[in-house]
There are 2 protein chains.
Amino acid sequence: MDTRTGPPRRGRPRRGQEPLSRRRIVDAAMALAEAEGVERLTMRGVAKHLGVDAMSLYNHVASRDALLDAITEAVLAGLRLPAPSGDLEADVRAVAGAFRSAAQQYPRCATLVLTRQLGAPAALGPTEAVLAVLDRAGFPPGRAVHALRTALAFLVGSLMREVSAGPAFSGADVEGAQQREVELRASGLPHVAAAAPDLAVCDHDEEFEFGLAALVAALEAVRG
Amino acid sequence: MDTRTGPPRRGRPRRGQEPLSRRRIVDAAMALAEAEGVERLTMRGVAKHLGVDAMSLYNHVASRDALLDAITEAVLAGLRLPAPSGDLEADVRAVAGAFRSAAQQYPRCATLVLTRQLGAPAALGPTEAVLAVLDRAGFPPGRAVHALRTALAFLVGSLMREVSAGPAFSGADVEGAQQREVELRASGLPHVAAAAPDLAVCDHDEEFEFGLAALVAALEAVRG
DNA sequence: ACCTGAACACCGTTCAAGT
DNA sequence: ACCTGAACACCGTTCAAGT
């Protein structure tokens with residue numbers, strides 16, 4: 001019962017081993033969350049993964065909840081947001097793409113970012129980037145905040161679907177899609193049955209593109 | 001330690017007392033979730049609230065997770081979706097309003113609906129209603145599913161913000177808003193600082209209206 | 001200053017036993 | 001058929017003790 005994933009050394013830390021740090025804890029937690037799911041992320045599990053007593057973690061993070069906050073900060077810090085060019089469509093696409101890339105890189109941790117309050121300081125960087133885009137594109141200040149929140153709502157909703165939908169909908173799992181189509185057709189709901197082939201699958205690239213085009217058009221119409 | 005909220009009778013169920021049922025369990029769970037938060041919703045807590053042994057619940061729900069599924073089904077079943085009139089804007093507003101009302105009635109349970117996969121049979125009713133609206137408004141079948149998913153993304157993102165933002169942003173808590181404005185101004189981020197008064201508050205009615213108008217315009221542009 | 005071990009007050013859930 | 005009690009295998013976290 002000693003062979004686990006990672007470096008599960010027990011007892012005193014090995015001499016020459018990296019000392020415990022907030023950074024190492026957060027990295028390990030992110031890896032574990034991606035591997036097992038956030039809801040199965042456990043203080044004791046993180047500690048074991050680091051070869052350390054569970055209680056040692058509390059010298060670096062205040063609680064499990066604080067650790068989840070730290071994970072969302074790390075995900076947000078990984079966003080690579082481009083400087084605004086002045087072209088609204090290109091800039092909105094760049095920002096949306098940066099969010100989507102981060103969500104795809106850490107799909108399970110991303111749910112934390114999408115779920116938890118993004119009001120914290122960690123979200124200020126992205127907020128600044130989007131406001132810069134909107135300002136550069138000619139939005140007056142008040143309307144820029146409305147536009148920011150509309151764009152964020154669309155992004156949050158889109159990425160939530162994408163990260164929480166299993167790979168079942170991606171286009172692989174053909175017989176899964178076929179079975180779903182049969183069920184939809186048998187639902188007794190006329191419009192659902194008629195749209196069964198389209199509802200049974202979900203190409204995330206395509207859906208994102210469709211929604212993004214609609215968002216851009218809406219923002220352009222409201223620029224003022 | 002016997003005086004608790006609800007009917008916390010212990011031991012054998014009282015003669016003449018309503019027998020335990022899936023329905024009663026789900027109702028109690030929803031009430032508890034709204035009172036304490038979903039993450040604090042506990043099988044043992046639900047049982048105690050019903051004056052019953054924790055294990056008895058498992059005769060009616062398979063697991064805690066199944067109970068959470070049942071809650072999302074109950075919330076979705078509470079949606080009162082109007083019949084489509086043919087006026088795209090009016091119909092989209094009606095559907096969006098129905099979702100928002102349900103989310104406002106059960107803000108904490110609503111996060112379950114917004115977070116979990118809405119692919120389950122429980123979401124088929126709302127799907128049918130939205131597809132009916134889009135069909136009536138002239139969307140060709142394939143495009144209707146894209147439009148459905150775009151609308152849903154906006155709704156999920158918007159309602160997620162609304163239900164997970166405390167009452168702090170509603171417009172009450174004036175000194176909270178003032179303090180937030182000061183912090184934003186001191187952030188060192190130029191656009192954030194400039195937009196501080198707008199960012200410090202969030203009128204959910206106003207944001208929803210702004211986003212909904214954008215959504216309707218986008219859908220009309222894409223109707224085909 | 002940081003790490004540890006034992007302990008506390010919880011969890012969800014299984015299972016055999018009751019009625 | 002439904003409910004119960006004891007038990008199992010976990011949790012997060014506190015605290016006094018070690019180094």
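Naming: A, B, ... by sequence-line order, numbering from 1 per chain.
Distances shorter than 4.0 Å separate some side-chain N or O of A/Ser56 from OP1 or OP2 on C/dT4.
A salt bridge links B/Arg116 with B/Asp65; the closest basic N to acidic carboxylate O contact falls under 4.0 Å. Using a cut-off of 4.0 Å between Lys/Arg side-chain N and Asp/Glu carboxylate O, B/Arg100 and B/Asp205 are scored as salt-bridged.
Mapping A/Arg44 and A/Leu57 onto DNA chain C via the closest heavy atom, the residue that lands nearer the 5' end is A/Leu57. Both B/Leu20 and A/Thr42 lie close to DNA chain D; mapped to their nearest nucleotides by heavy-atom distance, the more 5′-ward contact belongs to B/Leu20.
Applying side chain to side chain contact (heavy atoms under 4.5 Å, CB included) to A/Val133 and the options A/Leu148, A/Val95, A/Leu81 leaves one that passes, A/Val95. Looking at B/Glu207, B/Glu209, B/Glu162, B/Glu206 one by one, the single match for salt bridge (Lys or Arg N to Asp or Glu O under 4.0 Å) with A/Arg149 turns out to be B/Glu207.
Atom CD of A/Glu39 and atom C1' of D/dC11 are 14 Å apart (whole Å). Atoms CZ (B/Arg40) and P (C/dA9) sit 19 Å apart, rounded to a whole Å. The separation between A/Lys48 atom NZ and D/dC11 atom C1' is 13 Å, rounded to whole Å. A/Ile25 places its CD1 atom 12 Å from the C1' atom of C/dC3, with the value rounded to the nearest Å. Rounded to an integer number of Å, the gap from CG of B/Leu41 to C1' of C/dC10 is 15 Å. One interatomic measurement links the two molecules: OH of A/Tyr58 to P of D/dC15, which rounds to 13 Å at whole-angstrom precision.
Residues A/Leu212 and A/Phe154 share a closest heavy-atom pair of N-CZ, 3.5 Å. Residues B/Met30 and B/Ala74 share a closest heavy-atom pair of SD-CB, 3.7 Å.
Set against C/dT13, C/dA7, C/dT4, the side chain of B/Met43 has C/dT13 as its closest nucleotide.
Checking side-chain atoms of A/Glu34 against main-chain N and O of A/Cys109 turns up a donor-acceptor pair under 3.5 Å.
Nucleic acid contact class of B/Met55 (heavy atoms, under 4.0 Å, all strands): base.
Between the side chains of B/Glu183 and B/Gln179, at least one donor N or O sits under 3.5 Å from an acceptor N or O.
The number of heavy atoms from other shown groups lying within 6.0 Å of OH (A/Tyr106) does not exceed 12.
With a cut-off of 3.5 Å on both pairing distances, the Watson-Crick and G-U wobble pairs of DNA chain C assemble into stems of 3 or more at C:4-8 with D:12-16, C:12-16 with D:4-8.
At a non-hydrogen distance threshold of 4.0 Å, A/Ser63, A/Arg64 from residues 59-72 of chain A come into contact with DNA chain D.
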